[in-house]
2 protein chains.
Amino acid sequence: MSREGIQKDESWTISDLAQQVDVSTRTIRYYEELGLIFPSRTEKGSRYYNRKDRARLRLILRGKRFGFSLDQIREMIELFDEDRTGRAQLLRTIEYGNQKLAEIDEKIMELRQLREDILVYKQNFEQKLLEENEEEKR
Amino acid sequence: MSREGIQKDESWTISDLAQQVDVSTRTIRYYEELGLIFPSRTEKGSRYYNRKDRARLRLILRGKRFGFSLDQIREMIELFDEDRTGRAQLLRTIEYGNQKLAEIDEKIMELRQLREDILVYKQNFEQKLLEENEEEKR
DNA sequence: CATCAAGTTGACGTTTACGTAAACGGCAGT
DNA sequence: ACTGCCGTTTACGTAAACGTCAACTTGATG
């Protein structure tokens, strides 16, 4: 009864998490070194990660896959993560968000262009294939 | 009369081209070193590039912007560029093209997801902004 | 209780993608 | 003929993003 909608407060060790998102533990520690992710620690000093940490890690990896440098990603995370208070700060952050959205839209456009290019190459070969079949008929 | 639809056979020096696509000459030479682009040479030995070369260079840069390594790009170029003759080879190339198209479609999807993530972050801050305005009213 | 897997922090190595500098040739303008 | 400027090759340097190894702790298990 008391559990409806409540997230099981899962947490994982570094190697658990590494396996889940398919990177090495070294990579995860490296990201921490760069200030991209801040796991909790046991009293002993072992890192452990929750779902928020995992979401963030996935965001990092997603960003990476599109040519964003880890430094740019950190910049992003810092801006969206800090407790930004005050109208001016909030406005700045929102503006930054808009800018990032625009960048992404542009990337999507470029990706479509890349798709077109490849499609043209492919169709070229399909054409050749047709011509070869024509020769067979002769 | 003899010029209708005929492309002016432009050609450029390496620094011209570099400026056009906004990379360094070093980068262009490096790509050649890796076998990604093969410019013509004057008798003197100077490289010069035509529109086809430029298109290829743009393709390379576009690929790069999406996290493809230069090695993967070379792989792509080689497959699409070789005079692949014979039915089997053509079919293989076409199949490769289909695979690449699928990869790109997946990237587009992921990019949309990234966009969503960022949008959520932004909306979060917009919400905060609204709350602050509410406080002012009190 | 020994050992063994899994955690920690350095520290150094490696790959990728160029930057940069040296040393040289060719050509245009003065 | 001298001065720049652009081209060439060769070679070494470097930043980013990890891989790898050493040396050490800790918790679990036969």
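Per chain, numbering begins at 1; letters A, B, ... match sequence-line order. Note that the coordinates shown come from a computational prediction; the quantities given were computed from them, not determined experimentally.
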Quick one: what's the B/S/- string for nucleotides 12-17 of chain C, heavy-atom cutoff under 4.0 Å, read 5' to 3'?
-> -----B
Does [N] have OP1 or OP2 sitting under 4.0 Å from an N or O in the side chain of [X]?
{"X": "A:Ser46", "N": "C:dA6", "result": "no"}
{"X": "B:Thr27", "N": "C:dG19", "result": "yes"}
{"X": "A:Thr13", "N": "C:dA6", "result": "no"}
{"X": "B:Ser15", "N": "D:dG7", "result": "yes"}

Rounded distance in Å - [atom1] ([X]) to [atom2] ([N]):
{"X": "A:Glu32", "N": "D:dA17", "atom1": "CD", "atom2": "P", "result": "17 Å"}
{"X": "B:Tyr49", "N": "D:dC6", "atom1": "OH", "atom2": "C1'", "result": "14 Å"}
{"X": "A:Ile37", "N": "D:dC18", "atom1": "CD1", "atom2": "P", "result": "13 Å"}
{"X": "A:Ile14", "N": "C:dT8", "atom1": "CD1", "atom2": "C1'", "result": "10 Å"}
{"X": "B:Tyr48", "N": "D:dC6", "atom1": "OH", "atom2": "P", "result": "21 Å"}
{"X": "A:Leu36", "N": "D:dC18", "atom1": "CG", "atom2": "P", "result": "10 Å"}
{"X": "A:Arg41", "N": "D:dT26", "atom1": "CZ", "atom2": "P", "result": "14 Å"}
{"X": "B:Asp16", "N": "D:dC6", "atom1": "CG", "atom2": "P", "result": "10 Å"}

Side-chain (A:Lys107) to main-chain (B:Arg65) donor-acceptor, under 3.5 angstrom =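 Yes: the side chain of A:Lys107 pairs with the backbone of B:Arg65.
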Assess whether atom CD of A:Gln19 is packed by more than 12 heavy atoms of other residues, nucleotides or ligands within 6.0 Å.
->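 12 or below, so no.
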Answer yes or no: does atom CD of A:Glu106 have more than 12 heavy-atom neighbours from other residues, nucleotides or ligands under 6.0 Å?
->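 Incorrect, the count does not exceed 12.
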Check: B:Glu10 and B:Tyr49 side chains under 4.5 Å, non-hydrogen atoms |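 Not in contact.
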Does some side-chain heavy atom of B:Arg92 sit less than 4.5 Å from a side-chain heavy atom of B:Arg84?
->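 Yes. Closest side-chain heavy atoms under 4.5 Å.
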To the side chain of A:Ser24, which of D:dG19, C:dG7, D:dT8 is closest?
->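 Closest nucleotide to the A:Ser24 side chain: D:dG19.
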Looking just at side-chain N and O atoms, do A:Asp16 and A:Gln20 make a donor-acceptor pair shorter than 3.5 Å?
->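 No.
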Cation-pi check, B:Lys128 onto B:Phe125 ring (under 6.0 Å, within 45° of axis) =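 Checked: cation-pi criterion met.
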